Amino acid sequence: MAVVVQKYGGSSVADIPRVKRVAQLATGARRAGDDVVVVVSAMGKTTDGLLKQAHEVSANPDRRELDMLLTVGERISMALLAMAIKDLGYDAISFTGSQSGIITNDTHSDARIMEVRPTRIQDALRAGKIVIVAGYQGVSTRKEVTTLGRGGSDTTAVALAAALNAQRCEIYSDVDGVYTADPRLAQAAIRMDVLSHVEMQEMAEAGAKVLNAQAVEWARRAGIVIHALKTGEPGPGTRVEPAPPRASGGVRAVVQRARVLWLSGEARADELLAFLDGHHAPADLCWLGGGRVTALLPLENLHGLEVFAAQLAEKFGGRLEAHTRFGAVSLVGDGLGASHATLGSALRVLAEAGHPVHHAAHSALRITLVTDADAVPAAVAVLHRAFLETPAAR
Ligand code: ASP
Ligand code: MG
């Protein structure tokens with residue numbers, strides 16, 4: 001029998017009726033004759049709620065304890081879903097990340113999967129069970145419970161699909177695929193049928209939340225096709241797969257980070273990098289040299305920002321400034337590095353619309369423009385209009 005991995009995001013299991021609906025969908029796949037592994041996220045905004053509680057207790061919550069807390073969210077949904085499936089007359093069993101053999105490094109709250117040893121899952125499938133796995137979590141080689149960074153249930157699903165040699169890896173959420181921009185910001189955004197792993201990974205690194213960057217990276221390396229679909233509404237969705245040939249290398253999507261941590265000033269590069277690594281704060285982009293540094297850091301896995309900023313100030317004094325009033329808008333597309341034309345037009349479009357650009361970065365896959373956080377939504381809209389809504393742009 002073919003193995004199918006289905007992942008359901010937080011909104012798809014937000015309440016009991018929705019958990020029961022996912023139970024129906026999983027048993028439907030089982031009835032169709034597949035071995036079914038279901039990866040679940042925490043219910044609705046559970047993870048945000050747990051994080052809030054942690055920050056009420058401590059401004060800089062201990063990372064190990066934070067992971068002990070955050071992993072509870074997915075354990076709730078996995079157990080409830082297993083119960084619901086059993087009530088439908090199917091055999092099911094739930095496993096934590098550790099029981100599923102998800103082995104990670106020991107970077108608490110943003111761990112990376114090193115290896116997957118899914119023996120318990122394979123045994124359970126052989127015994128005819130539907131297997132439910134708590135997403136977003138693993139266990140380090142030191143036997144500590146870890147989490148995989150925000151949105152990390154996707155990574156669990158892809159890593160399991162690879163380890164189980166699954167025939168399909170389906171990521172279900174409340175949107176019906178991957179769009180050319182966040183449709184709340186650019187109303188004319190359209191769903192893409194197919195997208196390459198490299199482009200999707202770049203979109204995720206630049207802030208797109210629809211799929212997790214580490215998940216796409218894993219899929220790219222393992223050659224796994226990810227199918228992004230809407231829960232309960234069969235439709236074409238978006239397939240993320242090894243680079244399909246494309247005629248031209250234009251802009252494929254506009255992606256934003258509503259807010260970033262922006263570091264700029266004087267510091268020794270090696271000292272700054274060691275500081276960031278010590279705080280498990282990977283930069284998305286950085287420029288180093290001549291005693292000057294500029295770095296853009298995502299905020300979602302940087303728990304305890306105030307303490308981080310205070311320690312940064314202590315170490316580097318007033319020579320290095322840290323701001324959170326900026327955001328970043330990126331144009332993503334394989335082949336953008338071919339010329340500077342796109343960057344030139346993007347700068348012109350933003351200038352004409354009156355949005356400041358404090359910094360611009362250009363690579364083969366992406367152009368990132370740092371602007372005021374307030375300007376991000378409007379900047380996404382004008383850039384989408386300029387590059388993806390005119391016939392010439394397509
Ligand atoms: N529950 C976690 C989060 O909210 C993981 C996930 O949803 O994938 O980030
Ligand atoms: Mg999620």
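Quick note: numbers below take in every heavy atom, side chains included, and nothing from hydrogens, waters or symmetry partners. Fair warning: this is a prediction, and the values are worked out from it, not measured in the lab. Every number for a ligand or one of its atoms is a count from 1 in the order of the listing.
Between atom OG1 of residue T146 and atom CE of residue M68 there is a gap of 11.0 Å, rounded to the nearest 0.5 Å.
Using a non-hydrogen distance threshold of 4.0 Å, G10 does not register as a contact of ligand 1.
The two residues N105 and S140 come nearest to each other via the heavy atoms O-CB, 3.7 Å.
Of all the atoms in ligand 1, the ones that sit under 4.0 Å from a non-hydrogen atom of R150 are 3 (C), 4 (O), 9 (O). Close contacts of ligand 1 with G151, meaning ligand atoms under 4.0 Å from a residue heavy atom, involve 3 (C), 5 (C), 6 (C), 8 (O), 9 (O).
Ring-centre distance between W262 and H358: not below the 6.0 Å cut-off.
Backbone and side-chain nitrogen or oxygen atoms of K7 are examined, and none is located within less than 3.5 angstrom of a nitrogen or oxygen of ligand 1. Residue S41 has at least one nitrogen or oxygen atom sitting less than 3.5 Å from a nitrogen or oxygen atom of ligand 1, judged on distance alone. Below 3.5 Å of separation, one finds an N or O of E74 facing an N or O of ligand 1.
Between F308 and H279, the angle of the ring planes goes over 60°, which puts this pair in the perpendicular group of the 30/60° scheme.
Remark: the backbone N or O of L336 is paired with a side-chain donor or acceptor of H362 at under 3.5 angstrom.
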